[in-house]
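Working notes for the structure below.
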Number of protein chains: 2
Amino acid sequence: MNLKNPARQAPITTADKIFETMQHEIVEGEILAGSKISEPELAKKYQVSRSTLREALNRLEKCHLIERKANVGSRVVECSVQGLLEIYQVREALEGMACRLAAQNMQDDEIAELQQVLNAHGNDQQLKDGIAYYQEEGDLDFHYRVILGSHNEQLIKILCGELYHLVRMYRCQFGMNSPRATRAYDEHKAIMYAISDRDGELAEMLMRRHIAASRKNIENKLEKESE
Amino acid sequence: MNLKNPARQAPITTADKIFETMQHEIVEGEILAGSKISEPELAKKYQVSRSTLREALNRLEKCHLIERKANVGSRVVECSVQGLLEIYQVREALEGMACRLAAQNMQDDEIAELQQVLNAHGNDQQLKDGIAYYQEEGDLDFHYRVILGSHNEQLIKILCGELYHLVRMYRCQFGMNSPRATRAYDEHKAIMYAISDRDGELAEMLMRRHIAASRKNIENKLEKESE
DNA sequence: TGTCGATAAATTGTCGACACTTTGAATTTA
DNA sequence: TAAATTCAAAGTGTCGACAATTTATCGACA
């Protein structure tokens, strides 16, 4: 993951480390979606006290990866088609706005960097079809930079901090690594042009269509699989 | 507060109660914005252990009312004009989408209830100018019902659970109880018609303009005050 | 006088133990 | 047999104490 978030600091406390470990395991599906979380069991597994584990659970809840009920306990969230639809609708709204703001607020050098990211991605064209990983990295990196370009701290916090890993979880567990490779790349370019033209209205619309198309693509794939 | 959120349960644990108490005090400004939070001090004040207090702090952080740094501690968030702008941009995006989805997904009886809420609000017309409280209640209630009408759990969680009290905090601390009373009421009606016409596109646009207008109104007021 | 460094005080992070609630199985009762 | 009740086991919530880190205080030195 090359996405350096300037806002986020390296893990300091042991609770931070447990949080990152569990986050990874949930996203990748090593801890199964929908499964119950036993505090004593996991505390023993990671060799920490329950207090520390609970601190980690609180952060997992903050990024919507687990849900807690009083006096009952925690469960990993389920991955449903409905849930996928819902989170893409939220992304469409928020990243659309982020893109509009990016067109208003990005510095010229930030836009230059965004362009470089796309170029580097374009040069990997030959790799793209074979190795899906780079495609996903490139996609995430692009979206990430646009969000940061909004210069809206609240928006950045919600998208990069609280929703980002849930999106990754859906990508992992529904096995969609390289959706619409060349098409998505061209859409990214169109968005970049709109931003560098400072056309916020168009930038927002293009980003919304881009995310909506990505969602429909996934839904189609899931329908096929279920036939 | 008459807004019954079917999703939210009554406070069960003592941490729940401390959370609600502190939430209220932060929103109302009894605990000052930007102030440092001392865990030992507050634990003594509320007569609970630090573990319980920290549990409450975690929930306050979830709804963006405090911010924590590792090994340093917690601070209540600041209320800046920039912050106000940012949160209204987020609202514009999310509530706009919620409104579009509400036009798609609300049941007929839900729409009927929404209409009743507006009618009841209209009958309080005579109270409106004098007693700002009802206006605010009515405004919040309307927005609340539209959000619930989206039937998007993720959206509801973010808007009603995580952002709602921060919005209230800004309203309280910048002292804007009854903004644009009659104008806002008419805008609500227009939104309601768009929803009952099942015109999602228009409903979204009207809600976005409604929130943007509310933001501009506040900004104008703040500018005047600073003169 | 002002800056730097060391020590002391205060604060946060982590731990293990106990209290309370929920869950499920065994027993009783209709 | 099925439903309700009781009781035990497991799990979560809360507590006070200790460890690690940060912050404040004081003195040495340029």
Side-chain angles (χ1 to χ4, degrees), chain A residues 7-26 31-78 157 161, chain B residues 7-26 31-78 157 161:
Chain A
R8 216 191 60 188
Q9 60 184 353
I12 304 287
T13 67
T14 53
D16 284 322
K17 291 169 200 157
I18 304 299
F19 163 65
E20 293 203 353
T21 303
M22 289 189 69
Q23 176 183 270
H24 187 271
E25 291 179 341
I26 290 174
I31 299 178
L32 275 84
S35 64
K36 172 115 181 31
I37 286 181
S38 162
E39 293 182 8
E41 183 186 324
L42 288 181
K44 205 167 74 178
K45 172 178 170 187
Y46 298 116
Q47 298 288 337
V48 293
S49 76
R50 265 185 61 224
S51 313
T52 304
L53 182 80
R54 279 164 70 88
E55 181 68 35
L57 293 184
N58 268 315
R59 297 184 206 182
L60 289 171
E61 193 183 11
K62 266 173 221 157
C63 54
H64 303 212
L65 291 178
I66 70 171
E67 286 169 345
R68 294 176 67 189
K69 272 189 206 164
N71 284 317
V72 174
S74 314
R75 300 198 85 88
V76 181
V77 295
E78 301 265 8
K157 191 179 188 179
Chain B
R8 215 191 60 187
Q9 60 183 355
I12 305 289
T13 67
T14 54
D16 283 324
K17 291 169 199 157
I18 303 299
F19 163 66
E20 294 204 350
T21 303
M22 289 190 68
Q23 177 182 270
H24 187 271
E25 291 178 340
I26 290 175
I31 299 178
L32 274 82
S35 63
K36 172 116 180 34
I37 286 181
S38 163
E39 293 181 9
E41 183 187 324
L42 287 180
K44 204 167 75 178
K45 173 180 171 188
Y46 297 116
Q47 299 288 338
V48 294
S49 75
R50 267 184 60 226
S51 315
T52 304
L53 181 79
R54 280 164 68 88
E55 181 69 34
L57 292 184
N58 268 315
R59 295 185 208 181
L60 290 171
E61 194 184 10
K62 266 173 220 153
C63 53
H64 302 214
L65 291 179
I66 71 172
E67 285 168 345
R68 294 177 68 188
K69 272 188 205 166
N71 284 318
V72 174
S74 314
R75 299 197 86 88
V76 180
V77 295
E78 301 263 9
K157 191 177 187 179

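Fair warning: this is a prediction, and the values are worked out from it, not measured in the lab. Order of the sequence lines sets the chain letters (A, B, ...), proteins ahead of strands, with each chain counted from 1.
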For [X], side-chain contact (heavy atoms from CB on, under 4.5 Å) partners two or more places apart:
X: A/K157; answer: A/E162, B/H64, B/E67
X: B/E78; answer: none
X: A/A33; answer: A/M169, A/Q173

Sequence-distant partners of B/R50, side chain to side chain donor-acceptor pair (under 3.5 Å), two or more places apart: B/E39

So if I define the base as every atom that isn't primed, P, OP1 or OP2, how would nucleotides 12-22 of chain C read as a B/S/- string at a heavy-atom cutoff under 4.0 Å? BBBBB----SS

Report the distance from atom NZ of B/K44 to atom C1' of D/dT14, rounded to the nearest whole Å. 20 Å

Sequence neighbours left out, what passes salt bridge (Lys or Arg N to Asp or Glu O under 4.0 Å) with B/E55? Give chain and number order. A/R54, A/R68, B/R59

